[in-house]
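Computation of the quantities below employed the complete heavy-atom set of this structure, encompassing side-chain atoms and omitting hydrogens, waters and symmetry-equivalent molecules. Note that ligands are numbered from 1 as they come in the structure, with each ligand's atoms numbered from 1 the same way. On a predicted model such as this, the values are computed, not experimentally measured, just so you know.
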Amino acid sequence: MSEAAASVPSLADLTTLRLGGPAGELVEVTSEEEAVNAVRTGKPVLVLAGGSNVVIADEGFPGTVVLLRQRGIHVREEGGTVRLTVQAGQPWDEVAAVAVANGWAGIESLSGIPGSAGATPIQNVGAYGQEVAETITAVRAYDRVSDEIVTLPRDACGFAYRTSVFKHNERFVVLSVTFELAVSPLSTPIRYAELARTLGVQAGESAPLADVRETVLKLRAGKGMVLDPSDRDTFSVGSFFTNPVVAADAVEPVRRAAGEPPAWPAPDGMVKLSAAWLIERAGFGKGYGDPASGVALSGKHTLALTNRGTGTTAALLGLAREIQHGVKDRFGVQLHPEPVLVNCSL
Ligand SMILES: Cc1cc2nc3c(=O)[nH]c(=O)nc-3n(C[C@H](O)[C@H](O)[C@H](O)COP(=O)(O)OP(=O)(O)OC[C@H]3O[C@@H](n4cnc5c(N)ncnc54)[C@H](O)[C@@H]3O)c2cc1C
């Protein structure tokens, strides 16, 4: 365990937005035992891994920031399936790459998502028709309430669209995650229309794993959704807002205001709308923002709020509020932030 407070003046260096003030103290951990000891102190703690889904206040975080850097992928093959148990600090895209290279299907469409394996259960990471809830079998975590290490089977994780029992809940620190993948050179059935089209297959058909990974990475890069230090459109948290899930009768005012919206059925008769579509139709196009503020919508995707290099968290949240109000005024639909807001709020 190493204390690096003096050498890291600002949490901005540890987030993909490059925003956030100083940490009271910074502790880097490289094993499960160190992680547990670092959070067990009873002091205020912020667990951070890839920093790709947090918006940290310009004032920073006055407590201890515990940086998860423990790595490792343990593989156990059983017949037609393989179980990967991945340490929390392992970069996620390395896990996706290893699975594709070895002919293990189930997470290929999640290629290119930034951040750590341990954070994937937090918001049930998903993209291009797959989400980790489909392949996670267990999450090993330190329970700060009972002060013990627990193993939560998938059913105890409360997975739903971009959430789980772990989100906005400091009780559990995820130590490792077990995924069950199929041994197969082909992907799981492709559900996402744009991906199927680009691969040249019908929705519901499969494609070679490597083709799926390559195509997803290309599609994501075109939207600024793969980290690239030379591209400010990627200085973001990915999607800033989740797709709103609304009652069926809330769709009619949207239709009246702007025509037929893209919509998908959600549980309990609800309807999921596209946040990007609503934002664009409310008048916030790609690149929207006051150049003097240092923040703007990505030039490649209206859902990504980006730091152009001179932004602040206050300015980013100001832009987020403007968009939230604009969408609410035009469509009556409330947008909710996807990232975790640390020491700040919308
Ligand atoms: C360009 C870009 C594209 C993105 N695309 C997608 C996408 O397609 N789909 C998607 O779902 N997300 C996407 N994201 C969001 C983000 O990459 C994921 O949410 C990712 O899982 C966050 O991992 P992280 O390690 O960076 O988490 P961090 O940002 O470090 O942490 C996020 C939150 O999780 C908590 N946390 C992290 N690790 C642990 C742990 N081990 N135990 C307990 N709590 C923990 C933190 O305290 C914090 O509250 C994107 C982000 C970017 C920047």
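With Asp233 as the partner, the side chain to side chain donor-acceptor pair (under 3.5 Å) test is satisfied by one option alone out of Arg308, Lys286, His301, Lys223: Arg308.
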Could you pull out every N or O of ligand 1 that sits under 3.5 Å from a protein N or O, with the distance for each pair?
{"from": "ligand 1", "atom 1": "5 (N)", "to": "Arg220", "atom 2": "NH2", "distance (Å)": "2.8"}
{"from": "ligand 1", "atom 1": "8 (O)", "to": "Arg220", "atom 2": "NH1", "distance (Å)": "3.0"}
{"from": "ligand 1", "atom 1": "8 (O)", "to": "Arg220", "atom 2": "NH2", "distance (Å)": "3.4"}
{"from": "ligand 1", "atom 1": "9 (N)", "to": "Gly126", "atom 2": "O", "distance (Å)": "2.8"}
{"from": "ligand 1", "atom 1": "11 (O)", "to": "Gln123", "atom 2": "NE2", "distance (Å)": "3.1"}
{"from": "ligand 1", "atom 1": "11 (O)", "to": "Gly126", "atom 2": "N", "distance (Å)": "3.2"}
{"from": "ligand 1", "atom 1": "12 (N)", "to": "Gln123", "atom 2": "NE2", "distance (Å)": "3.2"}
{"from": "ligand 1", "atom 1": "17 (O)", "to": "Ser52", "atom 2": "OG", "distance (Å)": "2.9"}
{"from": "ligand 1", "atom 1": "17 (O)", "to": "Pro114", "atom 2": "O", "distance (Å)": "2.9"}
{"from": "ligand 1", "atom 1": "19 (O)", "to": "Asn53", "atom 2": "ND2", "distance (Å)": "3.2"}
{"from": "ligand 1", "atom 1": "19 (O)", "to": "Gln123", "atom 2": "NE2", "distance (Å)": "3.0"}
{"from": "ligand 1", "atom 1": "25 (O)", "to": "Gly50", "atom 2": "N", "distance (Å)": "2.8"}
{"from": "ligand 1", "atom 1": "25 (O)", "to": "Ser116", "atom 2": "N", "distance (Å)": "2.9"}
{"from": "ligand 1", "atom 1": "25 (O)", "to": "Ser116", "atom 2": "OG", "distance (Å)": "2.7"}
{"from": "ligand 1", "atom 1": "26 (O)", "to": "Gly50", "atom 2": "N", "distance (Å)": "3.3"}
{"from": "ligand 1", "atom 1": "26 (O)", "to": "Gly51", "atom 2": "N", "distance (Å)": "3.1"}
{"from": "ligand 1", "atom 1": "26 (O)", "to": "Ser52", "atom 2": "N", "distance (Å)": "2.8"}
{"from": "ligand 1", "atom 1": "26 (O)", "to": "Ser52", "atom 2": "OG", "distance (Å)": "2.6"}
{"from": "ligand 1", "atom 1": "29 (O)", "to": "Gly51", "atom 2": "N", "distance (Å)": "3.4"}
{"from": "ligand 1", "atom 1": "29 (O)", "to": "Ser52", "atom 2": "N", "distance (Å)": "3.0"}
{"from": "ligand 1", "atom 1": "29 (O)", "to": "Asn53", "atom 2": "N", "distance (Å)": "2.8"}
{"from": "ligand 1", "atom 1": "30 (O)", "to": "Ala49", "atom 2": "N", "distance (Å)": "2.8"}
{"from": "ligand 1", "atom 1": "30 (O)", "to": "Gly50", "atom 2": "N", "distance (Å)": "3.3"}
{"from": "ligand 1", "atom 1": "30 (O)", "to": "Gly51", "atom 2": "N", "distance (Å)": "2.9"}
{"from": "ligand 1", "atom 1": "41 (N)", "to": "Val174", "atom 2": "O", "distance (Å)": "3.0"}
{"from": "ligand 1", "atom 1": "42 (N)", "to": "Val174", "atom 2": "N", "distance (Å)": "2.8"}
{"from": "ligand 1", "atom 1": "47 (O)", "to": "Val47", "atom 2": "O", "distance (Å)": "2.6"}

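Counting non-hydrogen atoms of other residues, nucleotides and ligands closer than 6.0 Å to CD of Glu170 gives a total of 12 or fewer. Environment of CD in Gln334: crowded, with over 12 heavy atoms of neighbouring residues, nucleotides or ligands closer than 6.0 Å.
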| message | Test salt bridge (charged side-chain N to carboxylate O under 4.0 Å, His left out) on Glu338 and Arg162; report intermediate values, then the result. | response | CA-CA 8 Å; Glu338 181 180 301; Arg162 286 305 89 76; 5.1 Å; no
| request: Output, in order, the C-alpha distance, side-chain angles, deciding distance and verdict of salt bridge (charged side-chain N to carboxylate O under 4.0 Å, His left out) for Arg255 and Glu260. | output: CA-CA 5 Å; Arg255 202 174 277 132; Glu260 194 62 37; 2.8 Å; yes
| query | Going through the distances and angles, do Arg71 and Glu94 end up as a salt bridge (charged side-chain N to carboxylate O under 4.0 Å, His left out)? | reply | CA-CA 11 Å; Arg71 287 165 167 257; Glu94 292 178 9; 3.2 Å; yes
